[in-house]
Structures are given as C-alpha cells and as structure tokens.
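The structure appears below as structure tokens.
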Amino acid sequence: MKSQFAAIVFSLLSLTLPAQAVQVRGTTYFVSPPRLVGASTTQNHVYAWSATYYFTLEIPDNSGESLQRVTIAQDDGVDRVRFNLKETEAFDGDRRSRTKLGLGEVTLDEKTKAVTVNFNPPVPAGKRVTIALAPERNPAYGGVYLFGVTAFPTGDPAYGQFLGFGRISIYDNRFDSFFFRPRFRH
C-alpha cells in the first residue's frame, strides 16, 4: 500500500513539475531522449551529385535538456558516403521547412567517419529538427545504407543517447533497366 501511494505521488509530481536535467556523477543525461522520426533523401539513385540526406528528430517536452549536438555515423552499406560538411544545414521542423537553425561547428571524425553537428544555440525541448547533409555524390553501389544517430544534451560532459538507424535506400538504375525493358520489338 505504501509503495502504491509513493508511485501515485511521484506520478502527480512528474505531471506538474517541469522536467529537470538528470546528472549522474557530473554527466548530463536526457530525462526523455529525442526520437529519430525518419531519414530520407532527395535523390535515391547511384552516383547522384545533387542529393541531400535528411535526418529528422523530435525533442520531447519532457526531455529535461536542450539538444546540443548530434552525431551521424554510417554503419552499413557497400560504399562509403562522404559528406561536404560546409553545406550542412538544420531546419526547425521537417525537411520542407526553410526556417534555418543556427549551427556551430560541423566536424568529421576521421577514425569513425562520424559527422558531428553542433547547434548554436542548442535546440530547446518540444521542437522537431531536421539535419540536412550533402553527400559529395551518392554511393556507386545500390543498397540499404544505415546511419546511426546519437543525440547529446547540453552539458559537459554529456551522455550521447543512441536514437537508432536512419535508413537511406540507393537504387542501381542498371538493374532497374534490365527488369523493365520491353521484351518484344516492333
């Protein structure tokens, strides 16, 4: 009975009090981490030069902390995707939004090939944010390309919460033309 009462009181307090950042041994954590909503591309065929890859995240109202930075690291795929970091952008909302968010430094870790996008200022709780990365070109081989997305709250040090994989499918037009070419000639 006592534990049920404590659970009810805790539930009521969590509904009425704003979320606070969680710190454990000096490291900042999200109370409720952002969610990877999806990943998409403007061009999904091999060798496309004008593609943009979009990664959309939703930061819940009860996250307890603003979003400071995001890392995006290719995990799978036949070919390595190389990004032009100078063309990185971020938008308030989905990929159709043209309300740009301020970015700090955008870097590439040469060992892991992870792109780190820093927000300046950090993105507050209750927002949806879309990061736009510009590959130098799409991969040379079709297939499913997986990108691991990790979000970091404000604070130093901050714990990176892995949000999942953004999936980008690239199609090889050579195979498509084989299956869809006419069988009879006139």
Side-chain angles (χ1 to χ4, degrees), residues 21-43 48-60 63-139 144-170:
V22 174
Q23 287 203 344
V24 178
R25 297 185 184 134
T27 302
T28 305
Y29 293 78
F30 286 112
V31 172
S32 183
R35 184 174 67 92
L36 177 62
V37 176
S40 61
T41 182
T42 56
Q43 300 287 329
W49 291 95
S50 61
T52 302
Y53 295 1
Y54 294 100
F55 299 88
T56 302
L57 290 74
E58 200 163 83
I59 309 157
S63 66
E65 199 59 62
S66 296
L67 177 65
Q68 178 63 61
R69 69 182 184 273
V70 173
T71 60
I72 300 171
Q74 183 178 343
D75 185 70
D76 200 9
V78 179
D79 195 5
R80 174 67 56 193
V81 179
R82 290 167 183 78
F83 294 102
N84 183 346
L85 301 183
K86 292 176 185 170
E87 293 185 22
T88 302
E89 296 179 309
F91 303 99
D92 182 9
D94 64 15
R95 74 184 242 187
R96 288 171 187 77
S97 169
R98 288 296 154 210
T99 305
K100 289 186 181 182
L101 296 174
L103 292 182
E105 192 175 21
V106 178
T107 60
L108 174 69
D109 182 317
E110 290 297 332
K111 257 186 169 175
T112 64
K113 303 299 184 203
V115 174
T116 299
V117 178
N118 288 280
F119 294 97
N120 186 16
V123 181
K127 290 281 194 175
R128 181 177 275 214
V129 60
T130 299
I131 298 169
L133 295 178
E136 291 175 3
R137 65 165 174 75
N138 269 353
V144 175
Y145 290 80
L146 298 177
F147 297 88
V149 179
T150 304
F152 294 82
T154 54
D156 190 24
Y159 178 78
Q161 177 70 45
F162 181 72
L163 307 182
F165 291 101
R167 175 185 169 139
I168 303 286
S169 294
I170 303 296

Between F165 and F162, is the ring centroid distance below 6.0 Å? yes

Is it the case that the side chains of T56 and T130 hold a donor-acceptor pair, with the cut-off being a distance below 3.5 Å and no angle test? yes

List the atom of L163, the atom of A151, and the distance in Å for their closest heavy-atom pair. CD1-CB, 3.8 Å

Report the relative orientation of the aromatic rings in F91 and Y54; use parallel for angles under 30°, tilted for 30 to 60°, perpendicular for over 60°. tilted

Considering all heavy atoms of both residues, which atom of V31 and which atom of G64 are nearest to each other, and what is their separation? CG2-CA, 4.0 Å

Which atom of V149 lies closest to which atom of G166, heavy atoms considered: CG2-N, 4.5 Å

From T52 OG1 over to Q43 CD, what is the distance, rounded to the nearest 0.5 angstrom? 8.5 Å

Spacing of I72 atom CD1 and L108 atom CG [to the nearest 0.5 Å]: 12.0 Å

I need the I131 CD1 to E89 CD distance, nearest 0.5 Å. 12.0 Å

Would you name the heavy atoms of P60 and P34 that are closest together and state the gap between them? CD-CA, 3.8 Å

Between Y145 and D79, the two heavy atoms sitting closest are CE2-O, 3.1 Å

Could you check whether any side-chain heavy atom of L85 comes within less than 4.5 Å of a side-chain heavy atom of V115, counting everything from C-beta outward? yes

Got a salt bridge between D94 and R128, using NZ or NE/NH1/NH2 to carboxylate O under 4.0 Å? no

Is it true that atom CZ of R96 has more than 12 heavy atoms of other residues, nucleotides or ligands lying nearer than 6.0 Å? no

Would you give the length of the straight line joining atom CG of L36 to atom CD of E58, rounded to the nearest 0.5 angstrom? 10.5 Å

Quick one, V70 and F55 - any side-chain contact, counting heavy atoms below 4.5 Å? no

Separation between OH of Y159 and OG1 of T150, rounded to the nearest 0.5 Å: 9.0 Å

So do the side chains of K113 and Q74 get within less than 4.5 Å of each other, counting heavy atoms only? no

Taking the side chain from N118 and the backbone from E105, do they hold a donor-acceptor pair closer than 3.5 Å? yes

Residues two or more places apart in sequence or in another chain: which of them pass side chain to side chain contact (heavy atoms under 4.5 Å, CB included) with N84? K86, E87

If I compare all heavy atoms of A90 with all of L103, which pair ends up nearest, and what's the gap? CB-CD2, 3.8 Å

Name the residue from Q68, E65, Q161 that meets the side-chain contact (heavy atoms from CB on, under 4.5 Å) definition with P153. E65

State yes or no: are the ring centers of Y53 and F83 separated by less than 6.0 Å? yes

Is there side-chain contact between T28 and F152, with heavy atoms separated by less than 4.5 Å? no

Value rounded to 0.5 Å, distance of CD1 in I170 from CG in N138: 4.0 Å

Does some side-chain heavy atom of V144 sit less than 4.5 Å from a side-chain heavy atom of S169? yes

